[in-house]
Amino acid sequence: MIKELLLKGVWGRMGFYVNPPADGFAEVLADGQYVDKSGLIAYTNGVLGTSRKLIISTRPRRFGKSFAAKMLTAYYSKGADARSLFEKLKIASIGDEGRYDEHLNKHDVIFVDVTSFISRAEDIRNTVYDLQAAVIKELKKEYPGCISDHTKKLASALMDVREETGHKFLIIIDEWDALFREAKNEKELQESYIQFLRSLFKTAETSQIIAGAYMTGILPIKKYGTQSALTDFREFTMLEPGPLAPFIGFTEDEVKLLCEEYDLDFTETQKWYDGYQFDIVGQFAAAEKNQSNSKTGRIKIKQGNIVQHVYCPNSIVELMTKRKFGSYWTKTETYESLREYIDFNYDGLKNALVNMLGGKRCRIDPETFQNDMVSIRSRDDIFTLLVHLGYLAYDSDRKEVFIPNEEVRGEFIRAVKEGGRPELAKAVKISDDLLKATLAKDEMAVAKMIEAAHFAETAPQNYNDEQALRHVVIMAYLTSIDHYLKFEELASGREYCDILFLPRPTSRKPALLVELKWNKSADQAITQITDKQYPQIMKKFGYEGKLLLIGLNYSTKTGKHTCRIAEY
C-alpha cells in the first residue's frame with residue numbers, strides 16, 4: 001500500500017522545506033523494518049502551545065534521529081496527507097489523550113536537514129545564508145505577496161507571514177549541530193549560526209511566530225561557560241533523556257520481539273548490543289511499568305523510576321538483515337574521533353580506559369563539558385563527549401560511565417591498538433599474549449603475566465584483596481572480546497563458577513572456565529571445578545566443544561601467583 005502511494009506521489013504539495021510531503025517517512029515504513037516510535041508524537045502534541053514547546057533530542061549517530069524528524073514532519077505538515085501512514089501506528093490508538101486528529105497534517109511546518117546544506121555549500125561558511133535563502137524562497141511561493149524581496153533573514157520572513165496570514169510555524173531541524181562537528185574551528189560561523197537560531201527561538205516575537213520546535217543532533221546545545229546558548233529549549237540527551245528515553249533507540253522488549261521474529265539468539269544479542277540504560281520518570285514511567293512484561297524485558301524499578309535498556313537501532317536492523325553478529329554501528333566516521341580522543345594525555349585517562357575495558361566504571365563530572373568537540377579541558381570532558389557519541393553509557397544516579405557492550409568494547413580495543421598511546425597498546429598486547437599462552441597451556445607464562453598485571457594495576461591498599469585479583473584477571477583477558485563472551489558468577493553444578501569465557505559462534509577456540517583461589521593452590525582450584533561440577537554450565541549454552549579449566553591462586557605470604565591448566 002505504502003509503495004503504491006509513493007509511486008503515485010499523492011502526498012500533497014511538493015515543498016522541500018516548507019510544508020513538505022510525507023515521502024521521507026513513507027520510505028522508512030516501506031522498508032518493512034520500522035519499529036513503532038509514534039508515541040513520541042503524543043509527547044510533542046502535549047507540549048505544543050506551552051512553555052515546553054521547544055524540544056531538542058540528541059543521541060549518537062545511527063540512533064534514529066532522522067527517522068524521528070521525518071515522522072514528525074509527515075504527521076504535522078499541511079503539505080502531507082499522511083493518515084494512511086499513521087492509522088495503524090500506536091499514536092492513532094492512544095485516543096483523545098494523544099490528540100491524534102487534532103494535529104494530524106494541521107500545521108505549517110518548516111523542515112531543514114543542516115547536513116544537506118553543508119554538503120551542497122560551495123563554502124561551508126555560507127551555510128547559514130544558504131539555508132535562510134532556500135527556505136525564504138519557498139515561503140514566497142507558499143505565501144505569495146507576504147514577504148518583501150529585500151528580506152534576507154528567516155525570522156523576519158516568518159514574522160511577515162504571521163502578520164499577513166496569522167499562521168504560526170512548527171520548525172523541525174535535523175542534525176542541528178552539524179556545523180559544530182563539521183566546522184569545529186570556525187568560531188565565527190558557529191556564532192552566526194547560534195545568532196540565527198536565537199533570532200528564531202529566543203526573541204520577544206518567538207511566541208507569536210513559533211508553534212513549536214523539534215531539533216535533533218549528536219551534541220547538546222553549545223554552552224558558553226555554564227549557560228546554554230538557547231536557554232528556552234528543553235534538552236533530552238544521552239545524559240538525561242527524561243520522558244523521551246523510550247524513543248531514543250530500540251527498547252529491550254522491542255529487540256526481544258525482533259529476535260523471536262527473525263529466529264535470533266536474544267542472549268547473544270544482549271551481549272553484543274545492550275548496555276545503554278536510562279531512567280524513565282513521571283507518567284511515562286507509570287505507563288511503561290503497566291505495559292512491561294517481566295518475561296520479555298529487563299525494565300526494572302530503580303529508586304521509584306523505571307530503568308529502560310536501549311539498543312542502537314542501526315546495529316539491530318543490520319543484525320536482522322545480515323543475520324550475523326558484528327560491529328555495525330561503530331563502522332562510521334566517529335571511529336576516528338574515538339582514536340583522537342583516547343590519545344589525549346590527561347591525568348587518569350589511561351587507567352580509567354584500562355579499567356573500563358576490564359568491565360569497571362569511572363565516575364565523572366559531566367557539567368564542565370561545553371558541548372562542542374574542541375573545548376576539551378579534562379578527562380571528564382572526553383568521557384562526556386564519548387557518552388554523546390555513543391561510545392560510553394552513563395549511569396545518572398552514580399554519575400558513572402562505562403563501556404556499554406561488546407560491539408563498542410571491540411572498537412575501543414581496536415582504537416587503542418592503532419592509536420598513539422603506547423602504554424595502552426602495550427596493555428592490549430600483553431592481553432593478546434596472555435590468551436595465546438593460556439590456549440597453549442603454558443602455565444608458568446600465564447602465572448607470570450597475571451602476577452605482573454596484578455602488581456601494575458592494583459593499589460597497595462587493595463593488593464591483598466580477592467576482588468582485586470578477579471578484576472585483574474578480567475582486565476588481563478580484555479582482548480578476549482574478539483573471540484569470547486564473558487560471564488561472571490554463574491550458577492553451575494553445586495556452586496558458582498568465577499569466570500566463563502564462552503566462544504562466540506564464529507570462534508574455533510575452546511571455552512575457558514576460570515576458578516580463583518586465595519592462599520590455597522591452583523590444583524585445588526581445578527579440583528573444585530570438577531568436584532562442584534562447574535562444567536555443567538556448558539549445557540545451558542548448548543556448547544559441546546573443547547573446554548579448558550584454569551586454576552589461579554595467589555599467596556599473600558609469598559606474593560606469588562600459580563596457575564594450573566587442564567583440558568576437560
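In this chain, numbering begins with 1 at the start of the sequence shown. Scope of the values below: all heavy atoms of this structure, side chains included, with no hydrogens, waters or symmetry mates.
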Visitor: Contact between Glu400 and Ile364 at the side-chain level, heavy atoms closer than 4.5 Å - yes or no?
Guide: no
Visitor: Rounded at 0.5 Å granularity, tell me how far CG in Asp113 sits from NZ in Lys70.
Guide: 8.0 Å
Visitor: Just how far is it from atom OH of Tyr311 to atom CG of Leu319, taken to the nearest 0.5 Å?
Guide: 11.0 Å
Visitor: Taking the side chain as every heavy atom from C-beta outward, state whether Leu439 and Leu512 have any atom pair closer than 4.5 Å.
Guide: yes
Visitor: Do Lys271 and Phe325 meet the cation-pi criteria used here (NZ or CZ under 6.0 Å from the six-membered ring centre, within 45° of the axis)?
Guide: no
Visitor: Counting C-beta onward and ignoring hydrogens, is there a side-chain heavy-atom pair between Tyr394 and Pro366 closer than 4.5 Å?
Guide: yes
Visitor: Is Lys448 salt-bridged to Glu451, cutoff N-O under 4.0 Å?
Guide: no
Visitor: Between Tyr543 (side chain only) and Ala511 (backbone N and O only), is there a donor and an acceptor less than 3.5 Å apart?
Guide: yes
Visitor: In terms of ring plane angle, is the pair Phe180 and Trp176 parallel, tilted or perpendicular, where the classes change at 30° and 60°?
Guide: tilted
Visitor: Under a 4.0 Å N-O cut-off, is there an ion pair linking Glu186 with Lys184?
Guide: no
Visitor: How about Arg508 and His483: do any of their side-chain heavy atoms sit closer than 4.5 Å?
Guide: no
Visitor: Is any side-chain N of the basic residue among Lys486 and Glu406 closer than 4.0 Å to the acidic one's carboxylate O?
Guide: no
Visitor: Does the side chain of Leu389 reach to within under 4.5 Å of the side chain of Ile218, using non-hydrogen atoms?
Guide: yes
Visitor: Between CG of Leu353 and SG of Cys362, what distance do you get to the nearest 0.5 Å?
Guide: 8.5 Å
Visitor: What's the shortest heavy-atom distance between Leu357 and Arg409, and which atoms?
Guide: O-NH1, 2.9 Å
Visitor: Any donor-acceptor pair under 3.5 Å linking the side-chain atoms of Asp372 with those of Ser375?
Guide: yes
Visitor: What are the two closest heavy atoms between Met320 and Cys259, and how far apart are they?
Guide: CE-N, 4.2 Å
Visitor: Looking at Ala525 and Gly551, what are the two nearest heavy atoms and their distance?
Guide: CB-CA, 3.6 Å
Visitor: Given Asp498 and Glu489, is the side-chain contact (heavy atoms from CB on, under 4.5 Å) satisfied, shown in steps?
Guide: CA-CA 5 Å; Asp498 281 334; Glu489 293 290 338; 3.7 Å; yes
Visitor: When you compare the side chain of Phe383 with that of Tyr346, does any pair of heavy atoms fall below 4.5 Å?
Guide: no
Visitor: For Ser521 and Gln524, does a side-chain donor sit closer than 3.5 Å to a side-chain acceptor?
Guide: yes
Visitor: Could you please spell out the steps behind the ring-ring contact (aromatic ring centres under 6.0 Å, His included) verdict for Phe278 and Phe236?
Guide: CA-CA 11 Å; Phe278 306 121; Phe236 303 102; over 10 Å; no
Visitor: Nearest 0.5 Å, what's the OG-CG distance between Ser378 and Asp381?
Guide: 3.5 Å
Visitor: Could you walk me through whether Thr384 and Glu367 pass side-chain hydrogen bond (donor to acceptor under 3.5 Å, both in side chains), step by step?
Guide: CA-CA 9 Å; Thr384 305; Glu367 298 302 322; over 6 Å; no
Visitor: Does a donor on one side chain and an acceptor on the other come within less than 3.5 Å for Glu182 and Thr115?
Guide: no
Visitor: Can you confirm whether Gln277 sits close enough to Gln308 that some side-chain heavy atom of one is under 4.5 Å from a side-chain heavy atom of the other?
Guide: no
Visitor: Would you check if there is a donor-acceptor pair between the side chains of Thr251 and Glu254 at a distance under 3.5 Å?
Guide: yes
Visitor: Ring centres under 6.0 Å, that's the criterion: do Phe67 and Phe247 meet it?
Guide: no
Visitor: Is it true that a side-chain atom of Arg363 and a backbone atom of Arg398 form a donor plus acceptor pair closer than 3.5 Å?
Guide: yes
Visitor: Under a 3.5 Å cutoff, is there a donor and acceptor pairing between the side chains of Tyr328 and Glu407?
Guide: no
Visitor: Distance from Asp174 atom CG to Lys65 atom NZ, nearest 0.5 Å?
Guide: 7.5 Å
Visitor: How close do Ser228 and Glu235 get, counting heavy atoms only, and between which atoms?
Guide: OG-OE2, 4.0 Å
Visitor: Could you check whether any side-chain heavy atom of Lys223 comes within less than 4.5 Å of a side-chain heavy atom of Phe369, counting everything from C-beta outward?
Guide: no
Visitor: Thinking salt bridges, do Lys441 and Glu567 make one under a 4.0 Å N-O criterion?
Guide: yes
Visitor: Can Arg323 and Asp263 be said to form a side-chain contact (heavy atoms from CB on, under 4.5 Å), step by step?
Guide: CA-CA 9 Å; Arg323 306 184 67 80; Asp263 193 26; 4.1 Å; yes
Visitor: I would like to know whether Phe63 and Tyr276 meet ring-ring contact (aromatic ring centres under 6.0 Å, His included); could you show each step before the answer?
Guide: CA-CA 12 Å; Phe63 264 72; Tyr276 306 99; 5.4 Å; yes
Visitor: Between Arg181 and Glu175 (salt bridge meaning N to carboxylate O under 4.0 Å), is one present in this structure?
Guide: yes
Visitor: Would one find more than 12 heavy atoms of other residues, nucleotides or ligands at under 6.0 Å from atom CD of Glu240?
Guide: no
Visitor: Within a radius of less than 6.0 Å around CZ of Phe233, do more than 12 heavy atoms belonging to other residues, nucleotides or ligands occur?
Guide: yes
Visitor: Any chance you could measure Lys509, atom NZ, to Leu502, atom CG, to the nearest 0.5 Å?
Guide: 14.5 Å
